Amino acid sequence: MGVKVAKFGGTSAADAIQIEKIKNIVMSDPERRYVVVSAPGKRFAGDNKITDLLYLCKAQIDHNAPYDQVFQVVHDRFAAMALSLGVNIDMAEKFEEIKTALRDNPSADYIASRGEYLNAIIIAAYLGYSFIDTAGLVLFDKKGKFLHDETQLALQAELSKHERAVLPGFYGTYPDGRIKTFSRGGSDITGAIVASAAEADMYENWTDVSGFLMADPRIVKNPRAISRLSYMELRELSYMGASVLHENAVYPARQANIPINIRNTNDPDAPGTIITAEEDERDESFGIITGIAGSKDFSVLAVYKNMMSTEIGFIRRLLSVFEDYNIPVEHIPSGVDTVSIVVAKEYLEDKITDIIEDFERKAQPDSIEVFEDMALIATVGRGMASRPGVSAKLFTALSESGINIRMIDQGSSEMNIIIGVENKDFESAVRAIYNAFVN
Ligand code: ASP
């Protein structure tokens with residue numbers, strides 16, 4: 001029998017009704033032996049995530065403001081869940097333990113982690129699985145760096161003692177035993193780490209959407225779901241704004257070569273998206289394009305200098321200015337005597353005049369133009385490299401929709417064509433590309 005690790009996100013574990021769905025999903029496949037859970041998330045629009053309420057408690061404590069009411073809301077949600085599910089756990093005792101800790105103003109990480117901790121205890125009891133606390137098993141060094149190898153060993157030893165178990169996501173411990181969390185959304189990472197330690201055949205990530213969609217549904221009506229995706233394509237799409245999975249969750253699964261299956265707790269029959277390592281590029285089961293993602297609000301600094309291409313070190317001098325200001329550069333499309341530097345607008349705001357001055361001082365360009373309010377759109381798909389006419393199709397679609405392309409960049413992987421358009425054309429450009437390739 002194979003092993004699957006199933007991670008359920010906040011909305012999948014938001015209340016007793018959702019947790020019943022988890023039980024049906026887990027029980028329907030005996031290979032789902034290890035379950036990782038987030039803290040309860042939002043039950044409806046406008047609701048609070050338990051993790052947010054816990055961070056709020058910490059803020060209140062830090063400001064010497066009363067936190068009892070917020071904590072009571074957390075308490076009541078868990079107590080109601082335990083009651084509705086009919087689990088036989090002494091919740092009062094668990095809450096007493098946390099309340100006592102709160103009196104000593106513990107770290108934000110400790111408080112935030114209690115959402116996952118309590119949820120995992122309740123869900124383990126409801127499923128009849130063991131509860132394994134990730135404190136002491138998911139390990140960080142004293143500076144907070146995740147310790148992969150040590151964690152693998154510790155988790156493997158513990159998992160081998162339990163046929164079936166539920167583990168809380170999101171946190172682990174420093175060497176001195178204090179709680180340390182991953183960044184927000186980090187239960188995805190715990191799920192991948194547990195999958196790797198369990199040598200799972202599949203890491204299932206259960207959420208509230210049926211996998212990755214080919215485009216943002218707020219822009220394209222009913223976009224198709226992506227059934228298969230390579231880790232590299234996933235990286236390109238997430239980088240450009242498509243978010244379903246925490247970025248750092250990919251690494252442990254990829255390293256252990258475990259496929260990730262994004263599934264929908266509210267539609268468990270939908271196959272979702274399977275993310276695997278690269279396969280043969282000529283595999284015809286892949287469409288030409290896999291997905292389209294993008295974001296707005298970039299600035300482009302277009303620099304012109306006669307004979308630039310023969311001047312050694314010119315681009316380095318330009319880029320060193322960004323380094324001085326600690327600004328990440330997104331793209332650098334270039335021509336013979338021009339180079340454009342694309343940067344997220346938020347980093348430039350009040351620095352642009354200083355940056356231009358530094359450019360002039362360090363590289364003496366002939367002219368510099370700044371274009372603001374640009375959007376970048378990435379059309380991603382490994383089917384693109386092997387098929388002629390892909391860019392022709394893309395550019396025809398855009399020109400037929402009257403969209404002015406301000407910038408083009410294609411990485412050497414030939415898996416991604418990035419175009420820059422004005423912010424105002426962003427949505428229509430995404431729709432034009434989608435319709436050209438998908439319909
Ligand atoms: N509960 C944490 C958060 O809201 C971690 C997670 O859900 O993955 O960020």
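It should be emphasised that the depicted structure is a prediction, and the values quoted were computed from it without experimental measurement. In listed order, ligands and their atoms are each counted from 1.
- Assignment of Gly10 to the shell around ligand 1 is not supported, since no heavy atom sits closer than 4.0 Å.
- Side-chain atoms of Arg431 do not come within 3.5 Å of backbone N or O of Lys221 as any donor-acceptor pair.
- Looking only at heavy atoms of the protein, atom 7 (O) of ligand 1 is closest to Ser38 OG, 3.0 Å.
- At the top of the distance list for atom 6 (C) of ligand 1, counting protein heavy atoms only, stands Ser187 OG, 3.3 Å.
- Annotation: salt bridge (Lys or Arg N to Asp or Glu O under 4.0 Å) contacts involving residues 116-135, sequence neighbours excluded, are absent.
- For the pair Thr51 and ligand 1, the shortest N or O to N or O distance falls below 3.5 Å.
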Under 3.5 Å, sequence neighbours excluded: what are the donor-acceptor pairs made by side chains of residues 138-146?
residue	atom	partner	partner atom	Å
Asp141	OD1	Lys143	N	2.9
Asp141	OD1	Gly144	N	3.0
Asp141	OD1	Lys145	N	2.8

Worked check of side chain to side chain donor-acceptor pair (under 3.5 Å) between Asn266 and Gln18: CA-CA 8 Å; Asn266 302 321; Gln18 290 301 88; 3.0 Å; yes
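- Of the N or O atoms in Gly185, one or more lie within a sub-3.5 Å distance of an N or O in ligand 1.
- Closest to atom 9 (O) of ligand 1 by heavy atom, among His246, Arg184, Lys49, Lys42, is Arg184.
- Given atom 2 (C) of ligand 1, the protein heavy atom at minimum distance is Glu116 OE2, 3.4 Å.
- A donor-acceptor pair under 3.5 Å is absent between the side-chain atoms of Asp104 and the main chain of Pro106, judged by distance alone.
- The aromatic rings of Phe95 and Phe71 sit perpendicular to each other, their planes meeting at more than 60°, with 30° as the lower class boundary.
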